[in-house]
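Presented below is the structure to which this report refers.
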Amino acid sequence: MNVSQIVEWVAVLMILFGAIISVVSAFGMIRLPDVYTRSHAATKSATLSVLACLSGAFIYFWSHDGYVSIRLILGIIFVFITAPVAGHLVCRAAYRSRVPLAEGSGEDLLKPVLFGDETTVSEHSEELSIKLEKKE
Amino acid sequence: MIEKILLISLVLFMIAIALLLYRVIVGPSMPDRAIGLDTIGVNLVSSIAIVSILLNTKAFLEAILILGILAFIGTIAFSKYIERGVIVERKSNR
Amino acid sequence: MKINDVILRTVVKAVVFIILTLGVYLFFAGHNAPGGGFIGGLVLGSAVVLLYLTYDIETVHKGMPFDFKKVAAFGVLLATGTAVVSIFFDVPFLTQADRYFNFPLLGETHLSTVMIFEAGVALTVIGTLVTIILSISEDE
Amino acid sequence: MFGQFILNLFIATLWFLLKDDPTAGFPTFVAGFLVGIFILYAMHRFFGTQFYLRRVIKVFKLMMLFIRELTLSSFAVIHQVMTPKLKITPGIITYRTELRGDWEITVLAILLTLTPGSVVMEVTENGDMFYIHAMDIEESKETLLRSIGKFERAIMEVTR
Amino acid sequence: MNNIIVLPLIIPIVTAIFLVFLRHHIRLQRIVSLVTVVAISVIAFILLLEVQANGIMKIDFSGWLPPFGILFVADSFSIILVLTANIITAICLIYAFSTIGERHERMYFYPFVLFLIAGVNGSFLTGDIFNLFVCFEVMLLASYVLVALGGEKFQLRESLKYVLINVVASWMFLVALAYLYGTLKTLNMAHIAVRVAEVGQDPVLTTVAILFLIVFSLKAGLLLFFWLPGSYSAPPTVVQALFAALLTKVGIYALFRTFTLMFPLNTDVTHTLIGVMAGITIVLGCLGALSGHDVRTIAAYNVIIGVGFIMIGLAVGTEQAFAGAIYYLIHDMFAKALLFLIVGTMVYLTGEIIIKNMNGLIRNYPLFGWIYFIVMCALAGIPPLSGFIGKVLIGQQAVEGGFYVLLAIGFGSSVIVLYSLLRIFLAAFFGETSVSEEDKKPIPKAAMASFVMLALCIIALGLGAEGIAIYVEDAARTLANPAIYIEAILGAK
Amino acid sequence: MESLIVILVGILVAVATYLILSRTVIRVILGTAVLSHAVHLLILSVGGLKKGAVPLLSQSDGPYTDALPQALILTAIVISFAVTAFVLVLAYRMYSTNGTDDFSKLGGSSDE
Amino acid sequence: MIVELAILLPFIMAAAIPFIYKHLKKVHIGWLVLTIPVVLFSILTTYIPRIADGQTFTKTYEWIPSFNISFTTYLDGLSMILSLLITGVGSLVILYSIFYLSTKESLHHFYCYLLLFMGAMLGVVFSDHLMVLYAFWELTSVSSFLLIAFWHHRKASRAGARKAMTITVTGGVAMLAGFLTLYTIAGTFSIRELIANVDMIQEHALFIPAMLLVLLGAFTKSAQFPFHIWLPDAMEAPTPVSAYLHSATMVKAGIYLVARMSPVFGGHEVWFWTVAGVGIITLFWGSFNAVRQFDLKALLAYSTVSQLGLIMSLFGLGSAAHALGYSQESLIYTQATFAALFHLINHSTFKGALFMMVGIVDHEVGTRDIRRLGGLMALMPFTFTIAVIGSMSMAGLPPFNGFLSKEMFFKATVDILQLNIFSVESFGFIFPVVAWTASVFTFVYCVIIVGRTFFGKLQPDRLEKPPHEAPIGMLISPFVLVAFVIGIFFFPNILGHYILAPAMQSIYPTFPADELTMKISALHGLSTELLMTIGVIIIGVLLYRSLPKWRAVYQLFSQKYTLNAYYERIIGFSESKSGWFTRLYMNGNLTYYFIYIYVIFVSIVAGYFVLSDAFVWSPANDSAVEYYELILLFIMVFAAVALLFAKGRITTVLLNGVLGYSVAFFFVVFRAPDLALTQLVVESVTTALFLLCFKFLPDLTKENVSRAVKFSKATISIFVGATVTLVGLTVLHYEKFEPISAYFEDSYNLAGGKNIVNTILGDFRAFDTMLEVVVLFIAGLGIYSLIKLKAKKGESDIEN
Ligand code: NA
Ligand code: NA
């Protein structure tokens with residue numbers, strides 16, 4: 001087994017690692033109790049998984065074909081930057097559209113700031129509020 | 001062997017996507033579905049990377065980047081829709 | 001509490017350049033690698049759309065004061081124009097002229113009217129995409 | 001700072017052209033770039049600014065931090081997911097930052113979001129306070145507050 | 001170089017785009033669009049003469065020889081249709097000048113019409129089946145816009161239906177293309193014909209052919225016409241007229257090409273099917289026309305009847321029958337355009353759509369009324385107007401081929417056509433009117449001019465049928481002997 | 001694989017057809033979107049799947065997979081996008097004037 | 001040249017009239033119009049000797065030579081009779097109309113139509129070419145329509161016109177089909193050539209259909225039973241029109257056609273029985289119904305129907321000679337034809353006069369209802385004279401021409417009994433019996449005309465105007481006609497020699513000319529026919545006397561069951577039922593339209609596919625399947641099915657997105673990088689568009705449809721899917737050809753691109769790409785326009 005083979009193996013194992021993380025985080029998406037906690041799974045584990053995978057691919061191509069893929073690097077950077085932002089945006093949107101925190105949640109410092117005592121539901125979130133009513 | 005592992009990884013990613021699909025279908029809230037789709041997109045990114053290795057081609061590396069971009073744009077769009085009902089505003093309220 | 005989009009906007013400022021670069025790259029790469037005017041245009045259009053998503057119509061319009069309908073029209077004109085030009089050279093309609101040029105720096109480069117054609121395609125795509133999205137968004 | 005980078009690119013290009021090698025490709029250019037780095041390092045005091053690569057190194061450090069955080073946080077989530085019974089108390093907490101300016105706030109927010117068990121949900125209008133959703137409030141209050149200081153410093157090293 | 005063949009497609013596209021830049025110069029828009037369409041008519045006429053002199057012409061785009069590239073083919077059939085379509089469009093444009101209104105004109109009405117005509121011309125000219133799909137889409141997209149432009153409640157409703165059905169039809173087209181490529185692995189129509197002939201038209205290929213039959217029938221309104229009455233009564237009058245004159249005809253054209261050139265070898269199945277569909281179409285169209293109370297609906301069902309009648313020509317499948325069908329096709333395009341223009345004008349003048357509520361129009365608008373009378377007679381196939389010769393040729397060949405039921409239905413339909421249109425004439429034009437000479441809404445001069453022009457065309461086509469006989473015969477000959485076409489495209493074997 | 005894809009196409013078509021047969025505009029439009037997915041896959045599979053290399057001369061020496069269907073699909077994708085966009089807008093304009101998106105309540109053009 | 005002139009002149013004048021009329025306000029334009037028929041008649045008469053010598057005149061002008069359609073005129077004895085009637089009666093009618101129609105009427109229309117009609121009618125009789133004949137034939141229908149509807153503000157006029165047009169055009173279309181069938185048989189449209197090829201034609205299988213179709217045309221035009229119903233309603237036309245078209249000329253066109261075509265069809269049993277049978281029934285039915293009428297014009301209309309039936313039946317009887325061929329025995333049957341031609345002329349004279357008489361009455365007293373008329377003899381003596389002469393001639397009394405032809409008619413019905421072919425031995429008796437019975441009724445209504453109008457008590461209070469004699473101008477024409485009525489009686493053989501004999505030659509071209517002339521004499525002993533006539537008079541008088549008693553017979557024919565009622569009911573029924581049926585399936589609901597389309601799609605495509613046993617499936621050539629692909633397939637199926645049950649619109653859009661992304665991934669797996677890229681972007685943009693539009697669209701509602709509906713929709717869907725799949729699988733197996741795309745693999749050398757797909761799009765098939773860009777642009781611009789152009793508020797939506 002020469003060096004390049006070893007490197008390839010490393011790459012492939014990274015990919016496998018990414019795959020496993022991905023499945024686990026997908027499980028997280030199923031298991032975790034509310035959208036906020038699920039977004040943790042998405043923004044962190046899924047991002048790690050894709051980073052591992054892309055890095056693996058990058059390394060593989062580098063080693064196998066001597067090909068330095070700028071596109072992969074860009075992809076990695078891109079995912080790295082955007083995944084947390086996406087998580088942030090979805091969570092904010094969820095909260096602002098009044099998706100409730102899971103039962104058994106602790107303190108919520110945002111609620112009084114954002115909604116105060118008002119009880120009206122904004123117009124556009126009708127389909128969400130319907131669902132909420134069902135749940136409650 | 002390497003190919004096998006890659007194939008296994010692909011299968012794992014597909015399983016992950018299937019699980020996420022469940023989230024997309026079941027919800028229960030819109031943000032749940034949005035995250036689900038976003039994550040499916042991200043998993044597809046990985047899958048494309050693996051297929052590229054399997055097919056030994058660099059033809060799909062753009063697709064990886066683009067998919068990443070689109071997943072991001074899509075998530076922004078969804079969250080804006082969920083949050084404000086519109087995804088493009090005429091004039092920001094800021 | 002008003003929404004503070006600072007994170008989104010800041011990131012988009014960075015990201016949009018990546019997308020634009022990719023779009024241009026895809027546009028030029030099309031002849032030999034995946035890409036081409038169409039995808040290039042779509043990606044560039046997506047970048048513009050991303051700006052609209054992140055900011056708002058007025059703000060973006062200040063930065064890019066184009067009438068995107070006209071951009072699209074210009075694109076179609078370019079695409080059909082290269083085709084029409086062939087008529088005047090007494091070659092079959094749509095015949096693409098191409099030659100290899102040896103540029104310093106770039107080496108042997110393949111330049112062709114296909115490029116203009118594809119540029120037309122790309123402009124149309126950008127223009128149309130943005131026109132559609134703006135038209136809908138501006139509707140009351 | 002950016003000027004130095006452009007200069008470096010210029011040197012690399014020059015190198016590339018001077019080689020006058022019809023088969024010249026990317027490696028030649030990289031070589032030129034390395035030459036440029038050397039020249040610039042030698043000359044940087046004349047510009048009156050820091051050597052730009054130093055900042056690049058700091059950025060690199062910051063990225064490493066990111067990746068470390070990301071890995072840690074992933075495992076934390078995975079851990080949560082894998083434990084048979086969920087024992088968490090999610091909630092929303094606040095953090096007031098000393099960072100200013102869009103870029104600093106953004107980077108911190110990204111970092112915070114990548115940190116174990118926390119997602120930034122809102123930034124106040126003047127940008128000085130984060131509302132953070134924590135996977136587990138108790139745990140987050142310890143780890144988060146411990147690491148935020150580290151982040152802020154790392155960021156400030158790059159920007160200031 | 002035969003680049004002239006592409007002009008009927010490219011000129012309207014280019015001018016349409018220029019008109020986008022001239023959005024607010026309405027007068028200029030009018031002139032440019034009219035000049036464009038007239039120019040294309042002239043070009044088409046030149047082409048017709050050329051084809052007559054030199055045989056079928058083609059232009060291989062970018063110089064890629066068939067079957068690899070896309071090409072336009074000018075044979076008499078396609079050029080006749082291009083010519084007819086453009087003359088009608090020119091006349092309709094004249095009508096539009098005085099009636100469509102500035103709101104539409106500022107909303108790119110003329111560019112859309114030009115796009116429509118470009119798509120129509122392209123569909124007639126193309127020699128590549130996938131390109132036919134694309135040309136269809138150009139035409140359809142433009143038609144979608146034109147049918148919906150105006151924003152009326154009723155209009156939007158009907159146009160949505162129109163669009164959705166056409167989307168499904170386009171999907172079926174793609175499915176058919178997929179099968180076609182999957183089996184024959186080629187897209188050039190002539191090459192398809194060669195390959196079909198090579199293996200004989202086995203059941204798989206016939207299935208593909210039938211799928212095309214369904215697809216084009218949807219466009220032509222052959223049996224699958226459900227979308228037609230609604231969507232043809234929704235848009236502004238001039239658009240209705242253009243639709244009635246052009247859109248279904250493109251489908252008919254495609255059906256002729258498909259079953260004379262590409263899949264002509266299993267007529268037992270395909271032509272029988274076409275015949276049955278044509279028969280049912282006519283019967284249903286007649287029922288609709290007979291029952292209509294709304295002028296526009298009656299006119300729309302007359303379109304359906306016309307489609308069925310032309311398709312008898314294809315079902316009969318002889319050279320003479322093709323000639324008849326072509327004659328009838330040309331006639332139908334002119335007559336339907338005029339009918340719809342008149343019907344639309346009637347609605348405008350009276351503010352009513354139900355026949356019973358209209359009265360005595362002929363007193364205030366005598367010329368208008370008589371032109372209606374002429375078009376009515378023409379549509380009923382009364383000689384010596386335009387519908388006659390086509391009817392005779394198709395009918396005679398139907399007898400000769402033993403298609404007695406089709407003949408009976410086809411000829412019976414002309415009675416129903418007459419009856420339904422006569423009802424309009426008697427109720428709306430004849431009778432008393434309470435509107436005095438002073439109170440009447442005037443018919444714009446340009447509109448009147450367009451009626452007169454179309455009516456003259458109808459008369460001229462009937463009396464001067466011989467004038468175009470050589471072209472029609474040539475077109476029919478090519479349809480009946482696909483080898484001529486194939487040889488012109490792919491060279492002699 | 002080809003057979004499986006064709007079967008998948010059939011399933012997609014069935015689903016799309018069912019959607020198209022429903023009464024609400026959005027479902028119908030979605031149905032047409034699914035139809036276009038299906039037909040794109042169909043076109044690709046009749047050209048043969050995985051039967052050659054990626055059709056890039058710079059990437060391998062062939063044999064290449066059939067590139068023509070790919071080109072056709074590309075065209076088809078763009079056209080179906082254009083149409084879908086138009087239909088969507090038309091649908092909402094229709095809704096805003098007619099006040100319902102239910103075809104069974106919209107009524108028709110038949111007179112009286 | 002005269003013939004072409006005869007046809008053209010009326011048309012030219014018709015076209016000129018509207019222009020002349022504008023500048024000719026003071027003079028009645030009828031005077032100008034009158035010159036046309038007078039001139040034509042005069043010129044035509046100069047041809048009579050030559051025609052009598054057996055000459056014919058023909059000339060051909062090309063119309064559509066490519067399809068053998070030419071304008072061939074033909075002047076022979078038969079067309080001479082008709083053309084003389086058309087121009088002669090035409091002159092008289094126009095003269096009459098000058099006094100009948102005041103200048104307040106829209107005379108330019110009237111004369112324009114009338115001239116159109118005249119030209120068309122001349123065209124019919126002078127045409128040798130069947131297509132041209134048909135063209136003029138339809139033109140007579142059209143001009144007749146216009147004339148009937150001349151007073152179109154009256155509802156009855158419009159209804160009558162519509163009925164006439166519908167029925168005659170229907171017949172015309174059938175006739176056209178018949179002509180086309182003849183062409184198919186003989187390959188010619190020329191009547192003379194057809195006659196020349198009779199033997200060949202008669203053997204053809206389509207001979208009978210062609211005959212019946214042609215007859216249908218003739219019968220409808222000549223108002224034969226049961227198509228006669230349009231004629232009474234056509235009496236809504238101004239009386240000159242009735243006199244001209246609906247008694248003297250147009251209705252004779254059908255008769256002319258039968259005469260003209262009898263050399264072609266005449267030898268056949270079907271022809272004999274159809275023509276003679278329909279004629280005799282019409283004769284009876286017309287006379288029987290004429291008696292019940294109260295409106296003088298309606299009475300004359302039914303009488304016309306009846307007389308036309310008489311002539312028709314004579315032509316039928318005369319065709320027996322064709323069957324037998326020339327021999328001394330067969331000559332007797334030609335006399336029926338001779339009688340027919342004779343009566344054709346006679347009828348025009350007395351019926352024209354009678355119509356003008358009725359017109360005068362109507363004009364002067366304002367009513368035509370015999371219940372309000374009576375006692376006008378003294379006040380309108382000239383009119384009375386006309387009425388008496390006309391009626392007596394019609395009743396078949398001497399010394400008027402009707403007597404002669406009526407006698408000949410009786411003789412023909414009796415003579416036919418000698419015929420021993422066509423089963424005449426068994427059924428021939430009906431001819432004399434019905435003929436005699438009908439003549440009795442004819443006698444009765446003739447008496448009614450005179451008796452109820454001019455005798456009896458005057459009822460001035462029931463009349464619109466105080467009765468007085470008509471102006472002299474109005475009386476000229478009827479007097480000329482009654483002069484003929486009498487003149488012909490006394491000098492019938494002039495007519496016989498110069499006019500009838502040449503026409504007989506045309507009808508019996510194979511018979512020696514001199515054998516066909518028949519000496520007409522008023523007195524030929526106490527023959528059967530004279531006895532029949534005497535019987536008619538006796539029984540007729542009795543019946544007239546007892547009319548009030550047996551009038552109740554007509555009550556048996558309830559208004560509900562008249563042919564007219566059936567006609568109305570059929571029309572009403574078909575209008576309402578077709579409406580019901582059309583609205584049943586064209587209900588405006590898009591869903592139904594889709595159902596029809598899919599059902600037709602499946603039944604035709606799958607139907608043929610299954611029946612032709614085309615299905616083949618062998619997965620042997622398929623490429624390998626990986627597990628992950630299977631999972632992705634499963635995911636897609638799952639997402640697709642979930643799409644059906646998804647409740648929120650966002651969910652559905654997301655699921656569609658999942659499908660789209662999955663497709664993109666398949667594009668990756670299937671080596672289609674450009675596709676994958678495009679699909680990804682397009683899918684995302686599409687999803688974004690959905691979201692954009694959701695702002696304006698309602699959320700999904702649950703569709704409350706029954707389980708049965710759901711089931712049938714599901715069934716259709718499954719069938720559609722299965723059809724696509726089954727054909728698709730078969731197509732996969734179809735490997736008879738190499739794809740043309742191998743050519744494109746040389747893209748670098750050919751077009752300088754290494755991306756084959758892109759090179760196809762940018763070069764090989766750049767044209768598609770160019771148009772696709774146009775499509776996109778149209779969509780974009782269209783969306784813009786659609787959104788910006790909204791219906792103005794307050795603008796009326798026509799439908800609502
Ligand atoms: Na009326
Ligand atoms: Na799509």
Side-chain angles (χ1 to χ4, degrees), chain B residues 6-30 33-34 36-37 40-41 43-45 47-52 54-55 57-67 69-74 76-78 80-82 84-88, chain G residues 626-639 641-643 645-662 664-696 755 757:
Chain B
L6 289 175
L7 285 173
I8 290 170
S9 311
L10 264 179
V11 169
L12 288 175
F13 273 115
M14 290 301 140
I15 292 171
I17 290 174
L19 291 173
L20 292 166
L21 181 62
Y22 170 84
R23 188 46 75 207
V24 170
I25 294 171
V26 172
S29 70
M30 279 308 120
R33 299 175 213 269
L37 191 72
I40 286 179
N43 277 333
L44 278 176
V45 167
S47 310
I48 295 174
I50 297 171
V51 172
S52 297
L54 280 171
L55 297 179
T57 177
K58 290 133 209 160
F60 300 109
L61 300 183
E62 285 89 352
I64 291 176
L65 189 46
I66 284 192
L67 190 46
I69 292 168
L70 293 172
F72 178 56
I73 297 180
I76 295 175
F78 268 116
K80 273 194 93 173
Y81 179 80
I82 293 164
R84 299 168 216 189
V86 289
I87 66 176
V88 177
Chain G
E626 303 289 352
Y627 284 108
Y628 73 92
E629 293 168 342
L630 277 179
I631 301 177
L632 188 58
L633 278 174
F634 173 77
I635 289 172
M636 285 188 76
V637 172
F638 194 70
V641 175
L643 204 47
F645 300 99
K647 292 192 179 63
R649 52 188 189 172
I650 302 275
T651 316
T652 55
V653 170
L654 288 178
L655 284 170
N656 181 51
V658 169
L659 283 179
Y661 278 10
S662 309
F665 185 71
F666 268 129
F667 287 158
V668 170
V669 176
F670 300 148
R671 292 113 169 100
D674 287 279
L675 277 186
L677 288 177
T678 314
Q679 171 72 17
L680 284 172
V681 186
V682 165
E683 195 56 44
S684 309
V685 175
T686 307
T687 310
L689 283 179
F690 269 103
L691 292 181
L692 273 171
C693 293
F694 279 173
K695 178 184 168 191
F696 309 98
N755 179 346
V757 174

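Side chains are part of it too, since the values below use all heavy atoms of this structure and drop only hydrogens, waters and symmetry mates. Per chain, numbering begins at 1; letters A, B, ... match sequence-line order.
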Requested in this report: Below 4.5 Å from any heavy atom of chain G, which atoms of Leu55(B) appear? Answer side chain, backbone, both or neither.
Outcome: side chain
Query - Whether over 12 other heavy atoms sit under 6.0 Å from Phe696(G) CZ - result: yes
Requested in this report: Examine whether an atom of Ala639(G) lies under 4.5 Å from a heavy atom of chain B, and if so say whether it belongs to the side chain, the backbone or both; otherwise answer neither.
Outcome: both
Query raised in the report: Does the side chain of Leu21(B) reach to within under 4.5 Å of the side chain of Leu655(G), using non-hydrogen atoms?
Result: yes
**Report entry** Distance in Å, Ile17(B) CD1 paired with Ile631(G) CD1, rounded so as to fall on 0.5 Å steps
**Finding:** 9.5 Å
Report task. For Glu629(G), check side-chain hydrogen bond (donor to acceptor under 3.5 Å, both in side chains) against everything at least two apart and list the hits. Result -> Lys50(F)
Requested in this report: Check whether Ile40(B) gets within reach of chain G through its side chain, its backbone, both or neither, counting any heavy atom under 4.5 Å.
Outcome: side chain
Query raised in the report: Under a 4.5 Å heavy-atom cut-off, does chain B meet the side chain of Val681(G), its backbone, both or neither?
Result: both
Requested in this report: Quick one: which of Phe667(G), Phe694(G), Phe645(G), Tyr627(G) has the most heavy-atom pairs under 4.5 Å with chain B, could you say?
Outcome: Phe694(G)
Query raised in the report: Relative to chain B, which segment of Ala664(G) carries a heavy atom at a distance below 4.5 Å: side chain, backbone, both, or neither?
Result: neither
Query raised in the report: So, do Glu626(G) and Leu10(B) sit near enough that their side-chain heavy atoms are less than 4.5 Å apart?
Result: no
Query raised in the report: Considering residues at least two apart in sequence or located in another chain, which fulfil the side-chain hydrogen bond (donor to acceptor under 3.5 Å, both in side chains) criterion with Ser684(G)?
Result: Tyr661(G)
